[in-house]
Amino acid sequence: MLWTVVWWLVAGLPGWNSLWQNRAGRWWVLSLSALAFWALLSWAWSYTRVSNPAVTVSSAIPFVFAVLFALATACLKPSISRVTTILIIGLAWNSVLTGLQVAQQGSVGLQFFGEFNLNPLRSGVVVVQAGDIRWLRPYGLLPHPNILAGFLVISLSVHTAWLTSQPRRLQLILGTIIFVLGLWSLLLTFSRAAWMSYAAGLCVLFVSIWLCGRRCFAQRIRFIGILGLCAVLGGLFLLQYQPFLAARTGLSEESIELRSISDRAVYNQIAFEAIQDSPLLGVGIGNFPWYAAGYLRKTDFDLRGQPVHNIFLSACSELGLVGLVLLLVNLSAGLWAAFRLMSSASTHILRVGFASAVVALMIIGLLDHYPWTLIQFQVAWWAMFGIAVNPGLPSSEDALVEN
């Protein structure tokens with residue numbers, strides 16, 4: 001990321017004029033740049049500015065570089081087909097690893113690459129429970145099943161758009177196999193937010209195909225086939241994992257799920273307290289877990305400080321109403337630019353896949369925090385936004401992928 005940003009700056013910001021000439025793109029750039037500057041400035045009034053100023057700095061600087069990388073991505077117009085290929089490869093690899101962890105109900109021996117020591121009987125390992133059965137939710141090589149689900153949603157959304165285009169026969173067969181593995185892996189994470197977000201991404205894809213009119217007849221047929229495949233896999237998953245689904249969806253009264261819901265409600269309440277304490281400026285980027293820890297010490301809750309599981313509450317509590325307004329302006333401008341492209345004659349379905357992935361991350365952000373707090377997902381979110389709002393036409397290479 002740093003390499004890309006540095007050389008983009010050294011080269012004189014190539015592609016900047018093209019992005020700036022697009023009105024929606026201009027608002028997206030201005031609001032995102034202002035949000036990064038405001039996050040960096042929040043060090044001056046942050047909650048830990050005296051006791052531990054490094055908390056704000058260690059959150060603000062990566063955030064700024066993630067924003068710079070997103071701007072570079074929007075300007076440099078990377079090959080959509082190459083980025084799509086990378087995401088599909090990642091989807092295939094993580095799907096295989098997910099299946100192995102579920103089949104093993106534990107680690108598969110990849111600790112050297114960062115795999116956690118997973119044992120569903122150990123305290124602290126994330127599981128879904130039905131009665132006395134504790135079923136491991138897969139982690140992949142990530143620190144939490146929900147984060148694995150987030151990556152699967154991103155890659156699966158883009159892969160769905162690619163499948164909806166017109167790949168060659170062999171590509172279609174291989175792509176369908178990867179899609180089945182990816183969707184089944186997403187279901188195995190038991191991440192409710194991820195399930196909803198993928199459904200939202202499908203809606204974005206549907207709207208785009210519908211706006212294309214008759215010239216997208218072939219894409220409509222393929223999309224209907226994908227929906228049918230989703231229905232079949234969803235039905236099979238329901239039959240096989242019905243007790244765990246009942247627990248996860250709140251139809252039973254498993255203590256793990258009830259505790260998860262109650263804990264999130266507590267952090268939401270703490271976020272509202274932080275907003276009341278500093279409505280305009282917030283407590284500083286990255287400072288909410290420390291604010292929550294200080295708040296919890298005065299209560300009887302058996303909880304530690306952690307981020308609130310809502311990106312909009314996170315933005316408002318850490319960067320105040322100013323930060324929240326900048327975030328909303330950025331999202332609105334980005335979606336405006338993306339949807340204008342989706343309804344134009346030059347729309348390529350792969351770009352729509354990136355727009356659907358962005359929308360999916362926004363939906364995840366209503367129930368989780370990592371699109372706002374983790375640099376990997378900050379980069380993924382805004383860099384994919386950069387691809388979605390890119391006003392330039394796809395390269396000839398990308399056109400070949402779709403045709």
Side-chain angles (χ1 to χ4, degrees), residues 39 47 55 59 62-63 66 124-129 137-140 142-154 186 189-201 247-250 254-277 282-296 299 301-321 323-324 327-328 331 357-382:
Y47 179 76
V55 169
S59 296
F63 188 86
V125 175
V126 181
V127 299
V128 58
Q129 185 167 342
R137 294 174 59 194
Y139 283 61
L142 294 165
H144 196 281
N146 288 344
I147 300 177
L148 170 63
F151 174 76
L152 291 175
V153 166
I154 292 171
L186 176 61
T189 63
F190 285 92
S191 175
R192 295 163 294 193
W195 294 347
M196 289 191 301
S197 66
Y198 179 61
R248 193 66 178 144
T249 55
E254 296 293 343
S255 59
I256 293 178
E257 304 303 330
L258 295 177
R259 175 64 187 268
S260 174
I261 295 172
S262 64
D263 288 357
R264 294 188 182 205
V266 170
Y267 290 113
N268 287 347
Q269 179 59 39
I270 297 174
F272 286 118
E273 293 289 339
I275 294 169
Q276 289 180 4
D277 285 351
V283 298
I285 190 168
N287 278 247
F288 181 80
W290 275 259
Y291 179 92
Y295 182 93
L296 290 167
T299 69
F301 292 117
D302 183 22
L303 294 171
R304 294 179 294 179
Q306 61 172 289
V308 59
H309 286 59
N310 183 297
I311 59 173
F312 300 103
L313 279 178
S314 289
C316 193
S317 61
E318 293 188 343
L319 298 179
L321 292 174
L324 179 62
L327 176 62
L328 293 176
L331 297 180
V358 168
V359 172
L361 277 179
M362 289 173 59
I363 300 300
I364 287 177
L366 296 175
L367 296 171
D368 221 319
H369 63 83
Y370 57 84
W372 174 262
T373 57
L374 297 185
I375 185 172
Q376 293 88 346
F377 281 88
Q378 293 169 357
V379 169
W381 190 10
W382 279 303

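Only heavy atoms go into these numbers, but all of them, side chains included; no hydrogens, no water, no symmetry mates. The structure displayed is predicted, hence computed values, not measured ones.
Within the 4.5 Å cutoff, side-chain heavy atoms of F190 are placed close to those of V128. Here the side chains of W195 and V153 are not in contact, with every heavy-atom distance at 4.5 Å or above. Using a 4.5 Å heavy-atom cutoff, the side chains of R304 and L296 are not in contact. In this structure, the side chains of L303 and D263 come closer than 4.5 Å at one or more pairs of heavy atoms. Contact of the W382 side chain with the F63 side chain is registered, since non-hydrogen atoms from C-beta on lie closer than 4.5 Å. At least one side-chain heavy atom of V125 sits under 4.5 Å from a side-chain heavy atom of Y139. Using a 4.5 Å heavy-atom threshold, the side chains of L367 and R264 count as touching.
The two residues G150 and Y370 come nearest to each other via the heavy atoms CA-OH, 3.2 Å. When every heavy atom of V359 is checked against every heavy atom of A200, the shortest pair comes out as CG1-CB, 4.4 Å. Of all heavy-atom pairs spanning A271 and S317, the tightest one is O-CB, 4.0 Å. The two residues T189 and L186 have their closest heavy-atom pair at OG1-O, 2.6 Å. Shortest non-hydrogen contact noted between G305 and A292 is CA-CB, 4.0 Å. What you find for A360 and S197 is that their closest heavy atoms are O-CB, 3.0 Å.
Listed by chain and residue number, V308, W372 satisfy the side-chain contact (heavy atoms from CB on, under 4.5 Å) test with S314 (two or more places apart in sequence, or in another chain). Remark: Y198 engages T160 in a side-chain hydrogen bond (donor to acceptor under 3.5 Å, both in side chains) (not counting sequence neighbours). Taking Y291 as the reference, D277 meet the side-chain hydrogen bond (donor to acceptor under 3.5 Å, both in side chains) condition, with sequence neighbours excluded. Partners of P371 according to the side-chain contact (heavy atoms from CB on, under 4.5 Å) rule, which considers only residues two or more places apart in sequence or in another chain, are I311, L361, I364, W381. Annotation: side-chain contact (heavy atoms from CB on, under 4.5 Å) contacts of L321 (sequence neighbours excluded): C316. By the side-chain contact (heavy atoms from CB on, under 4.5 Å) test, Y295 is found to be paired with I270, E273, T299, residues two or more places apart in sequence or in another chain being considered.
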>> Using side-chain contact (heavy atoms from CB on, under 4.5 Å), reason through F272 and L313 one step at a time and then give a plain yes or no.
In response: CA-CA 8 Å; F272 286 118; L313 279 178; 3.9 Å; yes
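Here the CD1 atom belonging to I147 is positioned 12.0 Å from the CG atom belonging to L152, to the nearest 0.5 angstrom.
Judged by distance alone, with hydrogens and angles left aside, the side-chain atoms of H144 form no donor-acceptor pair with the main-chain N or O of L142 at under 3.5 Å. Without hydrogens or angle criteria, E318 side chain to G286 main chain gives a donor-acceptor distance under 3.5 Å. With hydrogens and angles ignored, the 3.5 Å screen pairs a side-chain donor or acceptor of N310 with a backbone N or O of L366.
Within a 6.0 Å radius of CZ in F312, other residues, nucleotides and ligands contribute more than 12 heavy atoms. Atom CH2 of W290 is surrounded by 12 or fewer heavy atoms from other residues, nucleotides or ligands within 6.0 Å.
Donor-acceptor pairing under 3.5 Å is recorded for the side chains of R137 and N146.
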